[in-house]
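Notes follow once the structure below has been shown.
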Amino acid sequence: MSESVLERVPVLSMANMTKQDFAAAFGESFQRFGFAMVRDHGMDMGLINKGWALARRFFALPEETKRRYDAAANGGQRGYTAFGVEIAKGASENDLKEFWHVGRDLPAGDPLAEAMPPNVWPAEMPEFKPAFSRLYAEFDRVGGELLSAIALYLGLPERWFDSAIENGNSILRLLHYPPVSPQAPGIRAGAHEDINLITLLLGAEEGGLELRDRDGNWLPVVPPPGALAINVGDMLQRLTNYRLPSTSHRVVNPPPERRGHARYSMPFFLHLRPDFLIDALPQCVDADHPRRDPPITAHDYLAERLREIGLIKGK
């Protein structure tokens, strides 16, 4: 049997450790693996279960109904992206998935609203908006607490990230990998690194997610039910001058006899404010670790990467 990440990476409790102990263990897991697993995060499991039920109902709607909410007009940031549209950076095959994006709603006239289009909601499901608005807020809250632990690990003030992510361009993605034939290729989502600061993932216990370790081995990620799988994104890697590395991950198809089963997951891509300047932190730069990347705003970096994965067209 192949070794799983669960056998190598401890599952950390946000409730049963001191803040300093959690920060040390969480940061060490990020530094070694670019990845961590966390339980006792305090998210409402009743709300999460309602979210799963609503996601299943939405993806079961007719194709023509779902396509009324096509996200192509807003760079894929809000609404529905159909099966097979997204492609991993550098990949030759499009991913075998469809998804829905919920983002942050800003008040009219907010200067950041230009970078964040308003949400769209499926008229066929009136309970969709209140449920996923609450879930978005829950992910936002827990993400802020996890970043406060990273701040402590990096020697920053505990709430250093609060202003950096205030009104950040974070995205809640509802993901559906439909059943495939027993003869289907082995990959549902190609190997990639996430663009954002950190990703909080529910649903990895359904199987298929794999992480590439430092030796190039692919290890299955199987956290306990209800736990969060959390990975470093490229923005945090860049901010920490690669001290906290962004780790490649992918979603593989199950064995042929299980390919008739759908897979659902719910990642929250926690982003910086669009106007935040991503520049290597001084404590992550020294003679042995010179600055590797020039400064760039979070908005410009996101746009650059969305073009690479096909969600924004053009140069």
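By convention here, the first residue in the shown sequence is residue 1.
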So do the side chains of [X] and [Y] get within less than 4.5 Å of each other, counting heavy atoms only?
X: L200; Y: P267; value: no
X: E145; Y: M14; value: yes
X: E138; Y: R134; value: no
X: N169; Y: L272; value: no
X: T240; Y: Q283; value: no
X: R243; Y: L154; value: yes
X: L239; Y: F276; value: yes
X: F58; Y: P122; value: yes

Indicate yes or no for a side-chain donor-acceptor contact from [X] to the backbone of [Y] under 3.5 Å, with no hydrogens or angles considered.
X: S170; Y: H271; result: yes
X: D215; Y: N217; result: no
X: R273; Y: E166; result: yes
X: Y153; Y: A25; result: no

Intermediate values then yes/no, side-chain contact (heavy atoms from CB on, under 4.5 Å), L61 and M125
CA-CA 10 Å; L61 291 171; M125 300 175 62; 4.3 Å; yes
Test applied, ring-ring contact (aromatic ring centres under 6.0 Å, His included); reference residue, H176; option that passes from W100, F59, Y80:
F59
Sequence neighbours excluded, which residues qualify as salt bridge (charged side-chain N to carboxylate O under 4.0 Å, His left out) partners of D293?
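Counting only residues at least two positions away or on another chain, D293 forms no salt bridge (charged side-chain N to carboxylate O under 4.0 Å, His left out).
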Specify the closest pair of heavy atoms between [X] and [Y], including all atoms of both residues, with the distance to one decimal.
X: Y177; Y: S265; answer: CE1-OG, 4.2 Å
X: V232; Y: S246; answer: O-OG, 3.3 Å
X: I278; Y: A298; answer: CD1-CA, 3.9 Å
X: A82; Y: R67; answer: CB-NH2, 3.4 Å
X: L270; Y: I165; answer: CD2-CG2, 3.6 Å
X: N167; Y: P274; answer: O-CD, 3.9 Å

Kindly indicate, with the supporting measurements, whether the criterion side-chain contact (heavy atoms from CB on, under 4.5 Å) is fulfilled by F268 and V142.
CA-CA 11 Å; F268 182 77; V142 175; over 6 Å; no
Drop me the distance from [X]'s [atom1] to [Y]'s [atom2], to the nearest 0.5 angstrom.
X: Q77; Y: I171; atom1: CD; atom2: CD1; answer: 5.5 Å
X: R32; Y: F30; atom1: CZ; atom2: CZ; answer: 15.0 Å
X: S248; Y: N231; atom1: OG; atom2: CG; answer: 10.5 Å
X: S133; Y: F128; atom1: OG; atom2: CZ; answer: 10.0 Å
X: H41; Y: R39; atom1: NE2; atom2: CZ; answer: 10.5 Å
X: R56; Y: Y264; atom1: CZ; atom2: OH; answer: 5.5 Å

Verify salt bridge (charged side-chain N to carboxylate O under 4.0 Å, His left out) between R291 and D279, making sure each step is shown before the conclusion.
CA-CA 9 Å; R291 180 181 276 99; D279 194 12; 3.0 Å; yes
State whether the number of non-hydrogen atoms from other residues, nucleotides or ligands found under 6.0 Å of E114 atom CD is greater than 12.
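Count not over threshold, so no.
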Over 12 non-hydrogen atoms of neighbours within 6.0 angstrom of NE2 in H299:
no
Positive for salt bridge (Lys or Arg N to Asp or Glu O under 4.0 Å) with E124, one of K66, R68, K129
R68
Those residues that, when tested against E127, pass side-chain hydrogen bond (donor to acceptor under 3.5 Å, both in side chains) (two or more places apart)
R57
side-chain hydrogen bond (donor to acceptor under 3.5 Å, both in side chains) filter on D21, not counting sequence neighbours, yields T18
Could you label the plane-to-plane angle of the H101 and F99 rings as parallel, tilted or perpendicular, counting under 30° as parallel and over 60° as perpendicular?
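H101 vs F99 ring planes: tilted.
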Check against side-chain hydrogen bond (donor to acceptor under 3.5 Å, both in side chains), K19 and S148
CA-CA 9 Å; K19 189 68 183 251; S148 71; 2.6 Å; yes
Less than 6.0 angstrom from the centroid, inside 45 degrees of the normal: does R292 satisfy that with respect to the ring of Y242?
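Checked: cation-pi criterion met.
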Are the aromatic rings of F132 and Y136 close, with centres under 6.0 Å apart?
no
Report yes or no: do [X] and [Y] belong to one cluster of Ile/Leu/Val/Met/Phe/Trp/Tyr joined by side chain heavy-atom distances under 4.5 Å?
X: L54; Y: L202; value: yes
X: L281; Y: L147; value: yes
X: F269; Y: L228; value: no
X: I150; Y: F22; value: yes
X: M17; Y: I230; value: yes

Derivation and outcome, side-chain contact (heavy atoms from CB on, under 4.5 Å), residues D194 and M235:
CA-CA 9 Å; D194 290 344; M235 288 182 178; over 6 Å; no
CA sep, side-chain torsions, deciding dist, call: V102, R78, side-chain contact (heavy atoms from CB on, under 4.5 Å)
CA-CA 6 Å; V102 177; R78 304 289 188 270; over 6 Å; no
